[in-house]
Amino acid sequence: MNQDTRTDQDLIKACLTGKSQAYETLVKRHQKMVLNVLYRILGSREASQDVSQEAFITAYEKLHMFSGHSKFSTWLCQIALNKARDLLRGRGVDSLCEDLEGHKEAMNVSDGDSPDRNMETSQENSRVQSALNKLSSHYREVLILKYFAGYSNQDIAEMLADTVGNVKVTMFRARQVFMQAYVELV
């Protein structure tokens with residue numbers, strides 16, 4: 001299978017000129033990242049898939065509004081986060097589902113690892129997710145975006161419509177609260 005080497009910007013231009021198949025490449029390129037972020041935020045594989053689909057549809061419909069001042073992945077993730085927040089608000093919750101079995105299946109565990117190592121990794125991932133579940137949505141979002149999705153503080157600031165300075169302060173506080181929650185689980 002040939003991998004499309006066009007930049008996101010080139011693919012967006014192609015979409016805007018009526019070549020909708022270019023959007024399929026954008027979806028394939030960014031789908032895993034969006035699903036991972038949503039899964040950590042929502043805690044449910046099914047909800048993450050549904051919200052991911054909604055986010056990609058919304059992004060396609062609003063592609064003409066993408067200014068190019070940020071990366072496409074940043075803009076897309078912002079749309080996905082807004083959709084996830086809407087879902088959580090609609091449920092009246094600020095915390096994740098306790099879908100630990102689902103989390104265990106979704107975590108990356110190498111087939112070459114020993115069963116003991118797989119169990120340790122699965123238990124560690126469950127503890128991390130449980131600690132994340134205890135955080136406020138704002139703290140949880142910055143930690144997920146930074147440490148699980150790999151975004152820079154600048155990207156996170158753009159997604160959250162905040163300053164880099166505020167993101168750094170929030171990140172510091174979120175790490176403290178996370179560590180406290182994590183230690184309580186160990």
Is [Y] reachable from [X] through a run of hydrophobic residues whose side-chain heavy atoms are each under 4.5 Å from the next?
X	Y	value
Ile57	Ile79	no
Met179	Leu143	yes
Leu185	Leu132	no

Just wondering, do [Y] and [X] contact through their side chains at under 4.5 Å, heavy atoms?
X	Y	value
Val183	Phe178	no
Thr163	Asn166	yes
Val34	Gln31	no
Ser73	Met33	yes
Val128	Phe148	yes
Glu141	Ile156	no
Tyr60	Val27	no
Leu145	Leu81	yes

Contact summary for [X] and [Y], nearest pair of heavy atoms:
X	Y	answer
Arg29	Thr7	NH1-C, 3.7 Å
Tyr39	Ser48	CA-OG, 3.0 Å
Leu160	His138	CD1-CE1, 4.2 Å
Arg6	Ala22	NH2-CB, 4.3 Å
Ala47	Leu87	CB-CD2, 4.1 Å
Leu38	Ala84	CD2-CB, 3.7 Å

Worksheet entry | Gln9 atom CD, neighbour heavy-atom count above 12 within 6.0 Å |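 Result for CD/Gln9: enclosed.
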Discussion item. Would you say NE2 of His64 has more than 12 non-hydrogen atoms from neighbouring residues, nucleotides or ligands within 6.0 angstrom?
Written reply: yes
Item to complete: Report the C-alpha separation of Arg89 and Asp86 in whole Å, then their side-chain angles, then the decisive distance to 0.1 Å, and conclude whether the side chain to side chain contact (heavy atoms under 4.5 Å, CB included) test is met.
Response: CA-CA 5 Å; Arg89 236 186 329 270; Asp86 290 345; 2.6 Å; yes
First locate atom [atom1] of [X], then atom [atom2] of [Y], and finally report the distance between them rounded to the nearest 0.5 Å.
X	Y	atom1	atom2	result
Trp75	Asp8	CH2	CG	11.5 Å
Leu76	Phe66	CG	CZ	9.5 Å
Ile144	Gln129	CD1	CD	6.5 Å
Glu46	Ser44	CD	OG	5.5 Å
Gln78	Lys83	CD	NZ	12.5 Å
Cys77	Tyr151	SG	OH	4.0 Å

Worksheet item: Are the side chain of Thr17 and the backbone of Ala14 linked by a donor-acceptor contact shorter than 3.5 Å?
Response: yes
Fill in: Passing candidate, side-chain hydrogen bond (donor to acceptor under 3.5 Å, both in side chains) with Asn153, options Lys146, Lys168, Glu158
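Exactly one candidate clears the test, Lys146.
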Discussion item. Assess the residue pair Arg140 and Arg40 against the criterion (side chain to side chain contact (heavy atoms under 4.5 Å, CB included)); give the C-alpha distance rounded to whole Å, side-chain angles, the decisive distance to 0.1 Å, and a yes or no.
Written reply: CA-CA 9 Å; Arg140 189 171 53 246; Arg40 289 287 183 174; over 6 Å; no
Worksheet entry | CA sep, side-chain torsions, deciding dist, call: Arg45, Leu35, side chain to side chain contact (heavy atoms under 4.5 Å, CB included) | CA-CA 8 Å; Arg45 183 176 297 120; Leu35 279 170; over 6 Å; no
Item to complete: Give a yes-or-no answer on whether the side chains of Ser130 and Asn133 include a donor-acceptor pair shorter than 3.5 Å.
Response: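 No, because no side-chain N or O of Ser130 sits under 3.5 Å from a partner of the opposite role on Asn133.
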